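Notes follow the structure.
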Amino acid sequence: MKIKQTPLKDCYIIEPTIFEDERGYFFEKYNENRFEELTGMNGHFVQDNISKSSYGVIRGIHLQKAEHAQAKLVSCLEGRVWDVAVDLRKESPTFGKWFGIELTAENKIQLYVPRGFGHGFSVLSETAVFAYKCDNFYNKESEAGVIYNDPLLNIDWIVPAEDAVLSEKDQVLPLFNQN
């Protein structure tokens, strides 16, 4: 696998090396030793989550706080999503910046989102199946987030505003400067 630094500190794009032949393909989706060697980051994951969503769904911007903070390794198993990571670590040189990348079943790219980051995605295809590997267990009391359309962050979700579909919870998340 190849690992590339994004413009955000500690946030990485992971591109697999794919071996294809007439039978199909094979690739190593994740290797903890290789990840830690290339990034210096702890890559031990304890929980896997899968979601399925329809076109226009925006999930996020979510994070877990304090001792329940989570790093995530995310990928799209079916369809296409626009994946967004937001650096919410106040001490970080990239605090308040965001990065977006298209993740698809075809490109097999993954994004490593470190602890202290907000994360979200929008669905660009008819449906999408999205996978999250998390390095800490989910804790409802530690949920936090930022409203998806925060004017200071000015995130381009690719999906037109009139097509956006959000949960009630995501529609009432606080503004960036309220965190």
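Computation of the quantities below employed the complete heavy-atom set of this structure, encompassing side-chain atoms and omitting hydrogens, waters and symmetry-equivalent molecules. This structure is a prediction, so every number in the text was calculated from the model and none was measured.
Here the straight-line distance linking atom SG of Cys76 with atom CD of Glu106 works out to 8.0 Å at 0.5 Å rounding. Taking CE of Met41 as the reference point, atom SG of Cys11 lies at 9.0 Å (rounded to 0.5 Å). Annotation: the span from Gln171 atom CD to Ile147 atom CD1 amounts to 7.5 Å, rounded to 0.5 Å. Atoms CE and CZ, on Met1 and Phe27 in that order, are 11.5 Å from each other to the nearest 0.5 Å. The distance from the NZ atom of Lys65 to the CD atom of Gln70 is 14.0 Å, given to the nearest 0.5 Å. The OG atom of Ser122 sits 8.5 Å away from atom CG of Asp156, with the distance rounded to the nearest 0.5 Å.
No side-chain donor-acceptor contact under 3.5 Å links Tyr112 to the backbone of Ile3. Looking only at distances, a side-chain donor or acceptor of Asp135 sits under 3.5 Å from a matching main-chain atom of Ala71. Asp163 places no side-chain N or O within 3.5 Å of a backbone atom of Pro160 that could act as its donor or acceptor partner. The closest donor-acceptor contact from the side chain of Gln5 to the backbone of Leu8 lies under 3.5 Å. Checking side-chain atoms of Gln178 against main-chain N and O of Leu175 turns up a donor-acceptor pair under 3.5 Å.
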Run the side-chain donor-acceptor check on residues 83-91: report pairs under 3.5 Å with partners two or more places apart or on a different chain.
residue	atom	partner	partner atom	Å
Asp83	OD1	His119	NE2	2.7
Asp83	OD2	His119	NE2	3.2
Asp87	OD1	Arg89	N	3.0
Asp87	OD1	Arg89	NE	3.0
Asp87	OD2	Arg89	NH2	3.1
Asp87	OD2	Ser92	OG	2.5
Asp87	OD2	Thr94	OG1	2.5
Arg89	NH1	Asp10	OD2	2.8
Arg89	NH2	Lys9	O	2.9
Arg89	NH2	Ser92	OG	3.3
Lys90	NZ	Asn179	O	3.3

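Evaluation of the salt bridge (charged side-chain N to carboxylate O under 4.0 Å, His left out) rule for Glu15 yields Lys4 as partners, not counting sequence neighbours.
Residues Ser75 and Lys29 have side chains that bring a donor and an acceptor to within less than 3.5 angstrom of each other. Defined by atom type and a distance below 3.5 Å, a donor-acceptor pair is present between the side-chain atoms of Tyr138 and Glu143.
Criterion: ILVMFWY side-chain heavy atoms under 4.5 Å apart, direct or through other members. Under it, Ile13 and Trp82 are not part of a common hydrophobic cluster.
Taking every heavy atom of both residues into account, Leu103 and Phe130 meet most closely at CD1-CE1, 4.1 Å.
Outside the 6.0 Å centre-distance limit, the rings of Phe99 and Phe117 are not counted as a close aromatic pair.
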